[in-house]
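Quick notes on the structure that follows.
A quick note: this is a predicted structure, and the numbers were derived from the prediction, not measured. Below, chains carry the letters A, B, ... as their sequence lines are ordered, and counting in each starts from 1.
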Amino acid sequence: MKLKLHVWRQKGPNAPGKMETYDADHVSPDQSFLEMLDEVNEVLVKEGKDPIAFDHDCREGICGMCSQVINGVPHGGQDRTTVCQLHMRSFKDGDEIFIEPWKARAFPVIKDLAVDRGAYDRIIQAGGYTSCHTGGVSDGNAILIGKDAADYAMDAAECIGCGACAASCPNSSAMLFTSAKVAQLAVLPQGAVEAKRRVNAMLEEAQACGFGNCTNHYECQAACPKGINVKFIAKLNREYIKALLP
Amino acid sequence: MILDGKCPKGPIETSWDRHRFETKLVNPANKRKYKVLVVGTGLAGGAAAATLGELGYQVEAFCYQDSARRAHSIAAQGGINAAKNYPNDGDSIYRLFYDTIKGGDFRAREADVWRLAQVSNNIIDQCVAQGVPFARDYAGYLDNRSFGGAQVSRTFYARGQTGQQLLLGAYSALSRQVKAGTVKLYVRREMLDLVVVDGVARGITCRNLCTGEIESYWGDAVVLATGGYVNVFYLSTNAMGCSVTATWKAAKKGAFFANPCYTQIHPTCIPQTGEHQSKLTLMSESLRNDGRCWVPKKKEDCDKFPNDIAEEDRDYYLERKYPSFGNLAPRDIASRAAKEQCDDDRGVGPGKRGVYLDFSTAINRVGEDTIAERYGNLFEMYEKITDENGYKRPMRIYPAPHYSMGGLWVDYNCMSNVPGLFVLGEANFSVHGANRLGASALMQGLADGYFVIPYTIAGYLATVKPGAIKADHAEFKKSAEDVKAEINKMLSINGKKTPAQLHRELGKIMWNNVGMARSRESLNEALKVIPQIREEFWNNVKITGSGEEFNQQLENAGRLADFLEFGELLAKDALVREESCGGHFRTEHQYEDGEAKRDDENFCYVAAWEFKGAGKEPELHKEPLKFDNVHLAVRSYK
Ligand SMILES: Cc1cc2nc3c(=O)[nH]c(=O)nc-3n(C[C@H](O)[C@H](O)[C@H](O)COP(=O)(O)OP(=O)(O)OC[C@H]3O[C@@H](n4cnc5c(N)ncnc54)[C@H](O)[C@@H]3O)c2cc1C
Ligand code: FES
């Protein structure tokens, strides 16, 4: 099939950007979205033009590196699917596709579709861990964890840190991301010990990074390629209130 | 040169404990004077950097992705082994040790493998303490599943995302140290050279992938944990950015490269659909707990809808050939068996390079919900890629390059022959011999990072003066100049072929001639063709843009340039090793039933190659392997 692409081009962090139009003429339905872009880039390179820069690595939906807004929706809007897992069979001949980078103040553009997501690392560095040292911990089975709690923690821990939640939020809020880590660790006995300190530190850092607040739009859950549930934001709020109490 | 792995002598059961006691320590007040560079933030590097930071060393950690959390360890699905024996099914440290040695087809060092088995239990405890949400049973205890090459259930898992959860555990420990100020992270940095001063590793040269700047970093020791090299085949289950660059650059500075021909072809990957394909996707080995491999008995059935093929017309070839391990035969064996069926014209799907992995028996036994709970995300991934529902019809799978057992040569301390250069995880060669068992790479990465390097690096650092050589030394400048010169050379070619095009050409010859089955003829041909592609690269590659900016074509070209040199070494090693063992199958060396024929008399050694300069023959050094605790036997899974 043939497609028309409108792609955000921006030379560097401080350069102005604009949409440019490209033709993708030999698209196979079995191709992934990124493979389609690869081919567009091959043509650009052969013509001596600057290929479209975009982040990607694992191409199997787990590293969280790929990050594109497709037709206005982070990751393209297919249920529980990252850009790299999006396949061309979900488009049809003659489609026009708009491709843009993540848009959020805390994610500045590096080039074209690639952005700097260091802010998410800083939120984790603020407290997204248990403060255990290597060695000197108890046997794995000495801490019993009910299956429900283990499953709940895992549901939250599936977050790949891609940034789609903040990119989809009208407030550019990182609340889904932050809450997933807060909830995972709060529900486990190993993490509960530091729950108060953690929730405060992580929320403060999110604010310092320039992310906005949550006003319950729930765009994040819709955009999340891992289906992380907004119930974790409710859990974060509960943890936050608990942390306020003496 | 005959190499010495410096393994502790005496009874193996106490070897690691004795070695730890005998290794020198660095006292707590002195630790902060030493700076350690850790390249790679996967399980091995992430765990190492976090632990060394905790101990008080100054650590600088590097990765090419935009975050430490995105190392390719993230993609590991199935699980991690440990000898806990929680299921009470007969596991022990000795059994894990034995299975790993046998699984590696008796081509690994006993002492290293023993240590791995011994510390495996600590890893699980450590990860639980970090909050890794391993699967639990209803009573709240840790759950286990089975993996290939073992008859016990010793694999711990977190749904189909075990690597992700373990890596996020290591990443959280690392993040804690970043906050504490002991670790400094450098993301979007690619190491392009090792700096060696008077034979000792003193630092690295990196390219800042955002700005293109060439940067120098010094350290009292350099730890490489940069993962595997199977992207030399172009299509593999590795991430797009995985490369041999860091280890190959170190090899060019004197580090020996060991057993490059030991590559693992994983039996269960989604078959290729066309030329446009950029990578292959793994379907975890854990699926073989419940999935049964088969092909039609009759060629004429191959195009039929699989569910319409009668039970008696199906050949469950693994169960037929290996009754005691069945569908859980080790990877090298399962891969070759799949290839055999397809070579016999009984493959299925487009191009007829595929076999079925069928869950219907398990679904009938335990129900679709249980199967979904065990592997839901894998079925989802399969459907996204193939548009087929694995619950309703068998999946189609085919072997694909997946893991590299070979890597830089290291001694028992994980130190290479270049003093001060340590190598961890998939990047070294140490424990998997000629074939790695499933769920053992995660174990190795974390063992090396959390429990081995923190001890052994002290033994080295205690002998050097901290900060003796810094980045103002002339060697750093020279290294940076060399790196810039190579980049400029590449950019100036302005030819006709893109890096991806040439990489595909390299991949094709590697896969066809140096892949699952190798012969003298195929290898000699590869040794002729690879230099031609390299030649073409240096005369006809086209890279747009400059070196002073974010330039992904340039990154790809640099990685390819290294693969084009390294691929030749891989083929050479395969040619010299006139035997079949594990993942290295030489068609000249097989038994009548097609099983691999090892030659212990002549090849029971580690092949460690020394780079001798561009265009010169590399020199082969040998480390003889001795087996005192297991009996060297024909490896049988029948
Ligand atoms: C799809 C898949 C599934 C798997 N499933 C399992 C499983 O179930 N169980 C199991 O035990 N094993 C599994 N494995 C194998 C296992 O995941 C890997 O062997 C292991 O995670 C490698 O860890 P590592 O730390 O050595 O390297 P990696 O995790 O690959 O990390 C490499 C690091 O080095 C950095 N790096 C590389 N080159 C450079 C450079 N030049 N400059 C700077 N930084 C660099 C990268 O940025 C990265 O941080 C799987 C592998 C794959 C591909
Ligand atoms: S490239 Fe890794 S999630 Fe898309």
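Counting heavy atoms from C-beta on, the side chains of B/Y86 and A/D139 come closer than 4.5 Å. Under the 4.5 Å side-chain criterion, counting only non-hydrogen atoms from C-beta, A/I143 is in contact with B/V128. Between A/D57 and B/Y64 there is a side-chain heavy-atom pair separated by less than 4.5 Å. The shortest distance between side-chain heavy atoms of A/N41 and B/Q552 does not fall below 4.5 Å. Looking only at side-chain heavy atoms (C-beta outward), B/Q77 and A/E60 come within less than 4.5 Å of each other.
Both the backbone and the side chain of A/T134 come within contact range of chain B, with heavy atoms under 4.5 Å apart. At a 4.5 Å heavy-atom cutoff, the contact between A/K46 and chain B is made by backbone and side-chain atoms alike. Both the backbone and the side chain of A/E158 come within less than 4.5 Å of a heavy atom of chain B. When heavy atoms are compared at a cutoff of 4.5 Å, A/V27 does not approach chain B at all. For A/S32, no part sits under 4.5 Å from any heavy atom of chain B, backbone or side chain. For chain B, the nearby parts of A/H133 are the backbone and the side chain; heavy atoms of each come within less than 4.5 Å. If you measure heavy-atom distances from A/H26 to chain B, you find no contacts under 4.5 Å at all. Of the atoms belonging to B/E373, it is side-chain heavy atoms, and not backbone ones, that fall under 4.5 Å from chain A. For A/A114, the part sitting under 4.5 Å from any heavy atom of chain B is the side chain, from C-beta outward, and nothing else. Proximity to chain B (any heavy atom under 4.5 Å) is shown, for A/E42, by both the backbone and the side chain. Proximity to chain A is limited to the side chain of B/L168, based on heavy atoms less than 4.5 angstrom apart. Of the two parts of A/R80, the backbone and the side chain both hold a non-hydrogen atom closer than 4.5 Å to a non-hydrogen atom of chain B. Residue A/K49 touches chain B through its backbone alone, counting heavy-atom pairs closer than 4.5 Å. If you measure heavy-atom distances from A/I123 to chain B, you find no contacts under 4.5 Å at all. In this structure, the portions of A/T81 lying under 4.5 Å from any heavy atom of chain B include both its backbone and its side chain.
Most heavy-atom pairs under 4.5 Å with chain B, from the set A/G61, A/G135, A/G146: that is A/G135. Looking only at heavy-atom pairs under 4.5 Å with chain A, the residue among B/V178, B/I124, B/T273, B/N122 that has the most is B/V178.
Ion pairing between a basic and an acidic side chain is recognised when a charged N comes within 4.0 Å of a carboxylate O; B/D143 and A/K147 show no such pairing. A salt bridge does not link B/K384 to A/D79: none of the charged nitrogens lies less than 4.0 Å from a carboxylate oxygen. A salt bridge is absent between A/E35 and B/K279; no separation between the charged side-chain nitrogens and carboxylate oxygens falls under 4.0 Å. Comment: A/D155 engages B/R159 in a salt bridge, judged by a side-chain N to carboxylate O separation of less than 4.0 angstrom.
A donor-acceptor pair is defined here as one N or O able to donate and one able to accept, closer than 3.5 Å; such a pair exists between the side chain of B/R70 and the backbone of A/I160. In terms of modelled atom types and a separation under 3.5 Å, the side chain of B/R176 and the main chain of A/A126 share no donor-acceptor contact. No donor-acceptor pair under 3.5 Å is formed between the side chain of A/R59 and the backbone N or O of B/A239. Not a single donor-acceptor pair under 3.5 Å links the side chain of A/Q85 to the backbone N or O of B/M381. Side-chain N or O atoms of A/Q31 include none that pairs as donor or acceptor with a backbone N or O of B/H276 at under 3.5 Å.
Counting all heavy atoms, side chain and backbone alike, B/S67 lies closest to A/D121 at OG-OD1, 2.8 Å. The shortest non-hydrogen separation linking B/R69 to A/C159 is NH2-O, 3.2 Å. Here the closest heavy-atom approach between residue B/G131 and residue A/L185 is recorded as CA-CD2, 4.3 Å. Taking every heavy atom of both residues into account, A/L144 and B/A139 meet most closely at CD1-O, 4.0 Å. Summarising the geometry of A/V45 relative to B/Q553, their closest heavy-atom pair is CG2-CD, 3.7 Å, with the distance given to 0.1 Å. Taking every heavy atom of both residues into account, B/R136 and A/N141 meet most closely at NH1-OD1, 4.0 Å.
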Run A/T130 and B/Q130 through side-chain hydrogen bond (donor to acceptor under 3.5 Å, both in side chains) and show every step you take. CA-CA 6 Å; A/T130 72; B/Q130 290 167 347; over 6 Å; no
Are B/Y138 and A/D148 close enough, and set up right, to give a side-chain hydrogen bond (donor to acceptor under 3.5 Å, both in side chains), and what steps lead you there? CA-CA 8 Å; B/Y138 282 99; A/D148 291 345; over 6 Å; no
